[in-house]
Amino acid sequence: MNTLINAFSALSDSTRFSIVEQLMQDGELPAGDLVEGRGMSGAAISRHLKVLREAGLVQQRVQGTQRMYSIQPDGLRAIAEWTISKRQFWENSLDRLGDLIERENSWPT
């Protein structure tokens with residue numbers, strides 16, 4: 001459960017969330033590409049990447065002088081499995097809401 005909490009905590013920051021989204025869309029990228037367009041220094045992005053690595057959401061490998069980043073599938077899988085496990089709760093909640101709306105609509109005005 002602690003791993004899941006760390007993952008959600010890491011993704012609660014909009015910069016880190018956008019980095020994960022970019023890596024999901026574009027695949028593996030050098031750190032320099034993750035700095036572009038974010039209005040932050042390389043050092044700031046590096047700190048965000050460290051949080052994402054520690055949360056198990058991204059992985060890093062060294063290629064020559066570059067640090068390459070990609071998604072860590074197991075970290076995202078944990079989030080997906082947790083979300084799917086809550087599906088029954090949300091379906092039941094939406095069913096109850098639908099029933100309530102139907103009852104309210106059938107009340108005489």
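Computed from heavy atoms alone, side chains included, the values below leave out hydrogens, waters and symmetry copies. Not measured: the values here are computed from a predicted model.
- Partners of Glu28 under the side chain to side chain contact (heavy atoms under 4.5 Å, CB included) rule, at least two apart in sequence or in another chain, are Arg61, Met68, Ser70.
- Following chains of ILVMFWY side-chain contacts shorter than 4.5 Å, one cannot reach Met40 starting from Val51, and the two form parts of different hydrophobic clusters.
- Judged as a side-chain hydrogen bond (donor to acceptor under 3.5 Å, both in side chains), and not counting sequence neighbours, Asn105 has no contacts.
- Using modelled atom types, one finds a donor on one side chain and an acceptor on the other under 3.5 Å when comparing Arg53 with Gln60.
- In this structure the side chain of Val58 never reaches within 4.5 angstrom of the side chain of Gln72, judged on heavy atoms.
- Counting only N and O atoms by type, the side chains of Ser18 and Arg38 include a donor and acceptor under 3.5 Å apart.
- Remark: Asp13 engages no residue in a salt bridge (Lys or Arg N to Asp or Glu O under 4.0 Å) (not counting sequence neighbours).
- Pairing each heavy atom of Leu76 with each of Met24, the nearest pair is CD1-SD, 3.9 Å.
- Test Ile45, Val20, Leu34 against Thr15 for side-chain contact (heavy atoms from CB on, under 4.5 Å) and you get one pass: Ile45.
- Between the side chain of Arg67 and the main chain of Val62, no donor-acceptor pair closer than 3.5 Å is present.
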Scan the side chains in residues 96-104 for donor-acceptor partners under 3.5 Å anywhere in the protein, sequence neighbours excluded, and list what turns up.
{"from": "Arg96", "atom 1": "NH2", "to": "Ser93", "atom 2": "OG", "distance (Å)": "3.2"}

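- Applying the side chain to side chain contact (heavy atoms under 4.5 Å, CB included) test to Gln88 and every residue at least two apart in sequence or in another chain returns Glu91, Asn92.
- Taking 4.5 Å as the limit, some side-chain heavy atom of Phe17 sits within range of a side-chain heavy atom of Leu11.
- Smallest separation of non-hydrogen atoms from Gln22 and Leu29: NE2-CD1, 3.6 Å.
- For Thr83 (side chain) and Ile79 (main-chain N/O), a donor-acceptor pair under 3.5 Å exists by modelled atom type.
- For Ser9 (side chain) and Asn6 (main-chain N/O), no donor-acceptor pair under 3.5 Å exists by modelled atom type.
- Side-chain contact check for Leu57 versus Leu23: every heavy-atom pair is 4.5 Å or farther apart.
- Rounded to the nearest 0.5 angstrom, Ile71 CD1 and Arg77 CZ are separated by 12.5 Å.
- Shown here are the salt bridge (Lys or Arg N to Asp or Glu O under 4.0 Å) partners of Glu21, two or more places apart in sequence or in another chain: there are none.
- Taking 4.5 Å as the limit, some side-chain heavy atom of Ile19 sits within range of a side-chain heavy atom of Leu52.
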